[in-house]
Amino acid sequence: MIVAAALVSCTQASSGGGPGADVPAASADLAADRARLAEDTENADRAEREAAAEEADVVPTPGPALVRDAFATLQATLDDTCTPGAGDCAYFLGRVTQELTELDESMRADDKGPGHFKQPLADMKVLFDKLGDDRSEAHLEKYFSEIVGTRDGINTWMQDHPDDYR
């Protein structure tokens, strides 16, 4: 009988049954829980770092400049000019056209609304309709008077509306 009792005791210990048999399983479960928690935390940290890196890669697109800022850059061209046909107009006319485009965008986005800027927006639309998409030097030189005239007319209009650029 002693042999039988010893045999039962050995069988229970090797099969996971018997007294204290659940202690190793509980500690194994606890260790597994800790491992899962550590892995989950590591995954969450990694996901957070990746999300932050993605956000850093996304450069927000700024909206149009304020009307006063766009007008200031256009005003900076007032003393500049070129001689059509002399080969010195590409930069000047390209810049004035770009400044007018940016001022147009700013006026349309302004809190006062495009109705407040009705005249300059109408003048720019007439110019942009003439220019189309062609921004080559030869094409811009063809419309030299219209480009410079639109710039100067908007300058005059803005001088009568100092609250828009101060």
Which value, rounded to the nearest 0.5 Å, describes the distance between [X] atom [atom1] and [Y] atom [atom2]?
X	Y	atom1	atom2	answer
Ile147	Lys130	CD1	NZ	10.5 Å
Leu100	Thr150	CG	OG1	6.5 Å
Glu146	Phe144	CD	CZ	10.5 Å
Leu140	Cys82	CG	SG	9.5 Å
Asn155	Leu74	CG	CG	7.0 Å

- Message: Check this for me: Asp160, atom CG, are more than 12 non-hydrogen atoms of other residues, nucleotides or ligands nearer than 6.0 Å?
- Response: yes

- Task: Could you tell me whether Lys118 atom NZ has more than 12 heavy atoms of other residues or ligands within 6.0 Å of it?
- Result: no

Distance-minimising heavy-atom pair for [X] and [Y]:
X	Y	value
His139	Asp134	CD2-O, 3.0 Å
Pro114	Arg108	CD-O, 4.1 Å
Ala70	Ala65	N-CB, 4.4 Å
Asp110	Val67	OD1-CG2, 3.6 Å
Arg135	Phe128	NH2-CD2, 4.4 Å
Arg151	Thr77	NH1-O, 2.6 Å

Is there a donor-acceptor contact under 3.5 Å from the side chain of [X] to the main chain of [Y]?
X	Y	value
Asp88	Thr83	yes
Glu141	Gly85	yes
Thr97	Gly94	no

- Look at the side-chain heavy atoms of Ile, Leu, Val, Met, Phe, Trp and Tyr, link any pair under 4.5 Å apart, and say whether Val148 and Tyr143 land in one connected group. yes

- Query: Going hydrophobic residue to hydrophobic residue with side-chain gaps under 4.5 angstrom, can you get from Met124 over to Leu66?
  - Reply: no

- Query: According to the interplanar angle, ranging from 0 to 90°, do the rings of His116 and His161 count as parallel (below 30°), tilted (30 to 60°) or perpendicular (above 60°)?
  - Reply: perpendicular

- Task: List the steps and the verdict of salt bridge (charged side-chain N to carboxylate O under 4.0 Å, His left out) for Asp164 and Lys112.
- Result: CA-CA 9 Å; Asp164 291 319; Lys112 293 178 183 177; 2.5 Å; yes

- Message: Would you say that Pro120 contacts Met158 through its side chain, given a criterion of any heavy-atom pair below 4.5 Å between the two side chains?
- Response: no

